[in-house]
Structures are given as structure tokens and as C-alpha cells.
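Here the structure is laid out as C-alpha cells; the discussion comes afterwards.
What you see is a predicted model, and the numbers here were worked out from it, not measured in a lab. The first residue of the sequence shown is numbered 1, and numbering continues consecutively from there.
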Amino acid sequence: MNRFRPALRLPRSPRPPRSRRRVAGLLLAGTLAGALAPAPAAQAQDTGPRPAGCPAGLPAGASCWTGTDANGAHYAIAVPERWNGGLVVHAHGGPDLGDASDPARSVEDLGRWRVMVDQGYAWAGSSYRRGGYGTRMAAADTENVRRLFVEKFGEPRRTYVHGQSWGGDVAAKVVETYAGKGGPYDGALLTNGVLGGGSRGYDYRVDLRVVYQYYCANLPRPEEPQYPLWQGLRRGSTLTSAGLRARLQECTGYASSPGERTALQQRNLDDILNVTGIPERTLESHLRFSVFTFRDIVHERLGGRNPFSNRGVRYSGSHDDKALNAGVERFSADPAAVRDLSYDSDLTGRVAIPVLTLHATDDPTAFVEHEAAYRDTLRGAGRDRWLVQTFTGEHEHSALSDAEYATSLAALDRWARTGQRPTPRSVAASCPAFDEVYGTGCFYDPGFRPAPYASRVRPRPGGTSWPAMSAAQEQAWSRVPGVGIAP
């Protein structure tokens, strides 16, 4: 059922969409899409959008297409029957690991954020050309799916980029790279974004990796081949996610009830959580990132070089901080590796379009202090007038209330059209009208302000000023042959 109500439709811009007849013809042709299956991966060289079945829950009458771009990135596109002329270009989180683009990812994300189609927007999302880390690559693939949409469906009235989780960093990179004055994007919505960038945004996982090994000594075990922990995992290791879970359970009993843990398991678990500040419910996912994604970053993207450091960090909160700090593994980063990771994923704050963020205050994965890092990045670049940050009292990372997504998109659209900058309070006040449609709740906390990033993540020397990479530094690095992470 189409839950979209005309009373909540966003006002149309006087600028008509281009290629209206072409869009109408394609929409008519797409009425049969619901009976078709997604394009098979075997047709990966066919770059044109092909009609496909829409994910469950999309508004009645919506038409969907899938395809593969010239770089091998699978993508999905949807246009609602009652299209308002706007387009949301989606950047997904992760990064997913693997050699190839996942044809299911963009379709799954379309179903997950169907609220945007329900609100009358066309939607386009890329699965990226490969798995693994690469923020600029993902940003280029996100921009490319926008261009494919325009080529096939015409120029939208307005275009917004949306990024969730690591996709928030990707979308923020899209804003800085492709959305200058007069560019194709009118605004950005970043939700539960990893906005601290790569050179600092994973320091708490670096800390988890070394603190875990100090207490557990099973990644690697003493009898196994040894490797520096900044590698995440040695090249060629056959350890699986199931194997990682088994080792974590062996050391901490995290999957057992407290009464079933040994005294040593409980003490190990308490010390790891207290020192790192990582919530117990996401301990496994953070550790998995610090093992498998670090391995991808180091071995696959940086040629075995180390971009991480914990030199000079003092750990506290354990039952014996002195012993912990004396025994924890220490290492310093390779400056060239830091440069390449920073160039790929750090943000300069060079923003010239409205950016609205939405973040759960108890996000257990991308801590809300990432928003403080982003605020300070734009402030350091003198661009914070383009930023409005909103916060909710939710406890999730991967999904927030549909009513809040609809509210955020409406507030961003109004700001882009009228130039009137919203406030956290005005955004919160507009949510109940959308919740009448979705019934998923409004949990805004207009008075919330995140503490500095360094209050949650132990800073490395020189790591308290923002932006982590200035626009001038980015420009200078761009002239270095082979800088960054290859697509």
C-alpha cells in the first residue's frame, strides 16, 4: 500500500525536470517491472538499466531497474508512480569485503530505505565496483550512478546524496569532490555516519585490537605464526568469522550469561570494555572490523604498510593499568601509509551545499562523537554554516525511525529550496506529522550536543585539531603519483 499522503508532499520547485517525456515513457515501460527478476550477474557488461522487480514494501506503482556500470559496479534505481521530481543518491555503509561488486547490496538497500521512495523521491544506489576499503572509489561509483540516472531518466529537479555508516563518509566525500557551487547536488543527508575519517576514525578499534590481545593472547595464539597487530590478520590466514567468535567466547564468555562465565572470562570482558569504551553488544562486530577490515586496508589497499599508531597512548580503566600499559603491543605508523589512508577517506570540510546529519546518541558502532569530529572539521574550514546536526535518543546504528528519515529529508529539501536553515528544534517539531503516517516514533533530542571526539577516543599526538586533512594538504597530496587507495 502506498502510504504517501499528498498533505506531506514536499513543495515543487518552479524549475521543471528536463527530459520529462523521456521519463514518462520509461516509467510507462517500467509498469511491468514488478514481474521481472533482478538482472543476473552474468550480464555484468551490460551497463544499461534493465527493468527489475522492486523489493517488498515499495509504494504501489513504483518501477525499478538494475544494471552494472562500466566499472563493474552493480546498481539499483527506483522511481515512484507519483514522482516529485527529486532524486536521492544513496551511499551504502560497510565496507563489505570481497573482490567483486555484490549485485544484491543495492537492491537490499533500496528496500531498507524505501521510505525515501514512499516520500516521492526517485532513488539510485551503487553496490560499488568491488568490496574492501576505498572511500574515493565508492564516492566515484556513487556519482556515477547519479550520472546514469540522469542519462536514462532526465535531470531531476533536485538531487540529494544520502550516506549511512561508512556511507556517511562516502557521501561526505561526494559532497567535497562533486558538489561545488553550481554542481549537481542540492544537499546531503548523513545518518549515523563514520565522519571522523580513516586516519583517526578507527583509533578505538586499534585500541581494541591491542587490548584484546593483551588479555586474550589468542589472535594469534603463541604457537601460531606471529604478526604485528596493526595488520589485523596476517596475509594468508584462514581464520573465519566463526573462528573469531570462538576465540572471543573462549577468552571472555561474551555470548554466555554472566552466571555461566568463569571469573577470568568476566574479568577479561570487563577490562576490555572498560578500557576501550566499546559496548558489550557490539564487541564482536568491532573486533571483526579490527581483524578482517584492517587486514583489507593494510594488505590489499596499502601494500602491507601500517597506517595505525598507538605510540604514546595511555590506557586506563582496567584492574591493573600499570601492567596493561607495560605489556600492550606498541607501534608507530608509516607516514606514507597515513597519507594514503588520509587522502582517501579524511574530510576537509570543504562544503558548499546544505548538509543535515541525523545520529543516534547511543549508536554502538559509529559513536556519536563522530559528529563532533565533523562539526569541528567544517568549523575548521570555515564552512559550518552549511551544517545542521540532529540527534535522537535511539540505540541503533543500522536503522533509525522511518518517520525521522522522512522528517530529515523534508527539512533538507526545504533548506535547499528556500535557503532557510533549519534548527534541531524545528526539525524535531515537524516529525509528528510524518509519524502519523509511519508510526515508528520521533525520538529527537534537540538540546543534545556531542562531546569532543577526543573525549571518547584516545587521541594520538597531534590528533586533536580538525580537519584531519586540510584542503591545501589534499591539493598538495593530489600531485603525488599513486597517492591514496587504488580503485
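- The stretch residues 228-340 participates, sequence neighbours left out, in these disulfide (SG to SG under 2.5 Å) pairs: C216-C251.
- With sequence neighbours left out, R112 forms a side-chain contact (heavy atoms from CB on, under 4.5 Å) with R105, D109, Q164, S398.
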**Message:** side chain to side chain contact (heavy atoms under 4.5 Å, CB included) for L190 and L356? Distances and angles first, verdict last.
**Reply:** CA-CA 6 Å; L190 312 179; L356 180 68; over 6 Å; no

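- Here disulfide (SG to SG under 2.5 Å) pairs that include residues 263-297, with residues two or more places apart or in two chains, number zero.
- Remark: R456 pairs with E369 by the salt bridge (Lys or Arg N to Asp or Glu O under 4.0 Å) rule, at least two apart or across chains.
- Partners of T348 under the side chain to side chain donor-acceptor pair (under 3.5 Å) rule, at least two apart in sequence or in another chain, are E176.
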**Item:** Evaluation steps, ring pair (Phe, Tyr, Trp, His ring centres under 6.0 Å), between W466 and Y453
**Value:** CA-CA 10 Å; W466 299 87; Y453 188 72; 5.7 Å; yes

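- With sequence neighbours excluded, the residues satisfying side chain to side chain donor-acceptor pair (under 3.5 Å) with E224 are R247.
- Listed by chain and residue number, nothing satisfies the side-chain contact (heavy atoms from CB on, under 4.5 Å) test with A429 (two or more places apart in sequence, or in another chain).
- A search for side chain to side chain donor-acceptor pair (under 3.5 Å) contacts involving R301 returns D296, not counting sequence neighbours.
- Taking the six-membered ring for Trp and the full ring otherwise, H92 and Y128 have centroids separated by under 6.0 Å.
- Checked against a 6.0 Å centroid threshold, the rings of H286 and F367 count as neighbours.
- A search for side-chain contact (heavy atoms from CB on, under 4.5 Å) contacts involving P452 returns S455, not counting sequence neighbours.
- Between D69 and R129, none of the side-chain N atoms (NZ, or NE/NH1/NH2) sits under 4.0 Å from a carboxylate O, so this pair counts as no salt bridge.
- In terms of modelled atom types and a separation under 3.5 Å, the side chain of D346 and the main chain of A468 share no donor-acceptor contact.
- Checked against a 6.0 Å centroid threshold, the rings of F294 and F308 count as neighbours.
- Residues that satisfy the side-chain contact (heavy atoms from CB on, under 4.5 Å) test with S318, not counting sequence neighbours, are Y215, D271, V275, D321, L324.
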**Message:** Evaluate R136 against I485 for side chain to side chain contact (heavy atoms under 4.5 Å, CB included), listing each step before the verdict.
**Reply:** CA-CA 8 Å; R136 287 182 183 269; I485 289 176; over 6 Å; no

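- Between Y133 and W166, the ring center distance clears the sub-6.0 Å criterion.
- Between the side chain of D340 and the backbone N or O of G484, at least one donor-acceptor pair lies under 3.5 Å.
- For H359, there are no ring pair (Phe, Tyr, Trp, His ring centres under 6.0 Å) partners, not counting sequence neighbours.
- No donor-acceptor pair under 3.5 Å is formed between the side chain of Q473 and the backbone N or O of S470.
- Remark: aromatic rings of Y405 and F434 are distant, center separation not under 6.0 Å.
- Listed by first then second residue, pairs satisfying disulfide (SG to SG under 2.5 Å) with a partner in residues 273-347 number zero, not counting sequence neighbours.
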